[in-house]
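Down below is the structure, laid out as structure tokens.
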Number of protein chains: 2
Amino acid sequence: MIQAPLQAQTRADEAFDCLQTAIVKGDLAPGEKIGEVELCSRFNLTRGPLREALGRLESRGLLVRRPHAGVKVVSVSAAELLELYRIREVMEGLAARQAAERMPDEEIRDLLATLDTHERMIEEAQGQAYYQAEGDYDFHHRIATGSRNTKLAQMLLGDLYYMVRMYRYRLSTSAGRPHLALGEHRRIVEAIAQRDGELAEFLMKRHINAARQNIEKKIDEGVLTI
Amino acid sequence: MIQAPLQAQTRADEAFDCLQTAIVKGDLAPGEKIGEVELCSRFNLTRGPLREALGRLESRGLLVRRPHAGVKVVSVSAAELLELYRIREVMEGLAARQAAERMPDEEIRDLLATLDTHERMIEEAQGQAYYQAEGDYDFHHRIATGSRNTKLAQMLLGDLYYMVRMYRYRLSTSAGRPHLALGEHRRIVEAIAQRDGELAEFLMKRHINAARQNIEKKIDEGVLTI
DNA sequence: GTAGGCTGAATTGTTGACAATCGTTTGAGG
DNA sequence: CCTCAAACGATTGTCAACAATTCAGCCTAC
């Protein structure tokens with residue numbers, strides 16, 4: 001039995017949060033076929049709110065549902081994971097450009113301070129890439145909201161990041177290049193601070209492209225098996 | 001009372017389709033506050049499947065729902081509509097590039113044939129921009145699926161296009177430049193046929209950028225009031 | 001021995017009734 | 001006359017029982 005992470009305003013919200021974190025954290029393995037009644041007893045819910053949450057999750061592509069046949073967690077292939085990074089490349093590139101145009105000075109200062117925190121975290125917890133992964137998520141999160149493009153932020157935060165994080169937890173992808181990534185983050189923020197949208201977009205696209213190539217290399221080497 | 005557009009496999013699917021088309025077609029005006037029981041009698045449904053569909057639609061951003069306070073159709077401002085086109089620019093640019101890399105020859109031939117059909121439509125129904133709008137939708141639809149990027153196609157077809165179409169029906173935006181748009185379409189397909197991904201991306205981005213500027217101009221002129 | 005169809009059980013989809021919450025209206029007080 | 005508060009009404013959120021469909025196992029036929 002798992003409790004709700006945030007105080008949800010309704011049972012359906014609670015169910016949605018529970019299931020989402022369960023999927024992202026890997027408590028519900030990809031491809032796993034799950035019954036509704038089992039989920040109900042596991043999360044202390046009734047089937048009404050649960051079904052509502054299942055509908056939302058299906059619409060977001062985190063699970064697939066065949067009529068009368070049950071639901072199962074979506075399983076993303078290696079090729080599809082790389083495709084995800086291709087989408088991130090162009091969307092976050094746009095986010096960086098618009099953040100350079102619109103992000104308030106105060107938020108930029110906060111973001112710089114956050115990067116310092118990340119640096120300390122990396123130095124302290126050497127090798128523990130987990131913090132770096134969380135820090136990386138935080139960075140991209142702030143850029144997305146900083147773009148002041150409602151729909152763009154919604155698509156990045158609501159759709160893409162959850163799917164990417166799903167594999168972050170499992171593989172700790174960016175292990176090995178924490179300092180490198182941090183340096184790239186810094187240069188992106190510098191470009192945003194100088195209100196150079198074109199440069200910010202270029203740097204962000206290159207940053208994500210590098211991350212993608214890193215994953216691709218590991219897959220080719222057989223280190224990552226998906 | 002409105003019937004389901006496609007044969008849905010379940011009541012919830014039916015509800016989802018009905019509501020989606022109703023919102024897109026404008027039968028449910030933006031900002032309109034609607035009660036659940038009213039929707040039930042209108043679409044011949046019970047509240048269970050309806051609520052499931054509402055959850056899906058909320059997750060897709062077509063309506064907003066406050067607990068115990070009812071649901072209302074989302075109302076997009078002029079600024080947000082332009083932001084949508086910014087997102088389309090980068091995402092469909094990527095779609096065009098990947099379509100150039102992966103779209104089968106047969107699909108490309110079909111697409112070319114479709115363009116010929118569009119041309120006849122424009123010549124026959126002079127000034128009636130409706131057909132052009134539908135044709136335009138068809139074109140972008142095919143490029144998206146042609147990219148063979150599952151998530152990209154899902155995001156374009158499932159999220160963005162419905163919001164754009166919502167305003168197409170109301171404003172018939174691209175009225176006035178049907179032949180221009182068709183020519184741009186042709187050049188994009190030519191680039192795809194020649195497997196020139198870089199050029200296809202460039203042309204697609206410019207095409208959507210032109211459409212955005214067209215809308216922006218009309219808004220400034222006061223022709224379009226949103 | 002294998003392929004095909006059939007029956008039964010389990011699971012999902014649906015329905016209607018019940019409980020909780022919010023908005024509105026009405027009344028009293030300043 | 002205006003403001004604030006409380007109760008009413010309406011609407012949403014939740015629940016448990018019913019109906020429909022699929023899947024698995026078994027039997028039969030070839």
Side-chain angles (χ1 to χ4, degrees), chain A residues 1-20 22-23 28-75, chain B residues 1-20 22-23 28-75:
Chain A
M1 178 154 54
I2 302 167
Q3 62 178 356
L6 303 170
Q7 54 171 8
Q9 295 200 339
T10 178
R11 297 276 189 197
D13 293 335
E14 192 182 329
F16 182 75
D17 288 338
C18 281
L19 282 169
Q20 183 158 273
I23 292 172
L28 268 54
E32 189 179 345
K33 187 175 143 192
I34 40 184
E36 290 187 2
V37 283
E38 188 197 332
L39 288 174
C40 288
S41 60
R42 194 163 163 181
F43 295 105
N44 249 28
L45 296 162
T46 50
R47 286 183 54 215
L50 181 87
R51 286 182 60 81
E52 204 175 321
L54 289 178
R56 277 197 249 178
L57 287 165
E58 186 194 16
S59 159
R60 291 203 178 182
L62 266 78
L63 49 83
V64 289
R65 194 144 69 130
R66 261 184 25 208
H68 301 282
V71 302
K72 72 176 187 203
V73 181
V74 75
S75 61
Chain B
M1 179 154 52
I2 302 167
Q3 63 178 358
L6 303 170
Q7 54 172 10
Q9 295 201 340
T10 178
R11 296 277 189 197
D13 293 335
E14 192 182 329
F16 182 74
D17 288 338
C18 281
L19 282 170
Q20 184 157 273
I23 291 172
L28 268 53
E32 188 179 347
K33 185 174 144 191
I34 41 184
E36 290 187 3
V37 284
E38 188 196 332
L39 288 175
C40 287
S41 60
R42 195 163 162 182
F43 295 105
N44 249 28
L45 296 162
T46 51
R47 285 184 54 217
L50 182 86
R51 285 181 61 80
E52 209 174 307
L54 289 178
R56 279 196 247 178
L57 287 165
E58 185 194 16
S59 159
R60 291 203 178 182
L62 266 78
L63 50 82
V64 289
R65 194 144 70 130
R66 261 184 25 209
H68 301 281
V71 303
K72 73 176 186 199
V73 181
V74 74
S75 61

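The analysis underlying the following values was restricted to heavy atoms, covering all of them including side chains, and did not include hydrogens, waters or symmetry mates. Lettering of chains follows the sequences in order, A, B, ..., and the numbering in each one begins at 1.
A straight line from CZ of B:R65 to C1' of D:dT11 spans 13 Å, rounded to a whole angstrom. In this structure, CG of B:L50 is placed 11 Å from P of C:dT15, rounded to the nearest angstrom. Distance, B:D13 CG to C:dT12 C1': 13 Å, rounded to whole Å. Atom CG in A:L39 sits roughly 13 Å away from atom C1' in C:dT12 (whole-Å rounding). A:E52 has its CD atom 12 Å from the P atom of D:dT12, to the nearest Å. Between the C1' atom of C:dT15 and the CD atom of B:E36 lies a distance of 15 Å, rounded to the nearest Å. Nucleotide D:dT14 holds its P atom 7 Å from the CZ atom of A:R11, rounded to whole Å.
Mapping A:A69 and A:R47 onto DNA chain D via the closest heavy atom, the residue that lands nearer the 5' end is A:R47. Sequence order on DNA chain C of the closest nucleotides to B:G48 and B:K33 puts B:G48 first from the 5' end.
Counting non-hydrogen atoms under 4.0 angstrom, A:L45 reaches nothing in the nucleic acid. Residue-level contact check: A:R51 touches the bases, meaning some heavy atom is under 4.0 Å from a base atom.
OP1 or OP2 of D:dT14 sits under 4.0 Å from a side-chain N or O of A:T10. The shortest distance between the side-chain N/O atoms of B:R66 and the OP1/OP2 oxygens of C:dT21 is not below 4.0 Å.
With a 4.5 Å cut-off on side-chain heavy atoms, B:I34 and B:V71 count as touching. Looking only at side-chain heavy atoms (C-beta outward), B:R51 and B:L39 stay at 4.5 Å or farther from each other. Looking only at side-chain heavy atoms (C-beta outward), A:L28 and A:R42 come within less than 4.5 Å of each other. Between A:L19 and A:L50 there is a side-chain heavy-atom pair separated by less than 4.5 Å.
Closest contact between the side chain of B:P67 and the listed nucleotides C:dT14, C:dG13, D:dG13 involves D:dG13. In this structure, of C:dC22, C:dG13, C:dG23, it is C:dG13 that holds the atom nearest to the side chain of A:H68.
Between A:A53 and A:A15 the shortest heavy-atom distance is CB-CB, 3.7 Å.
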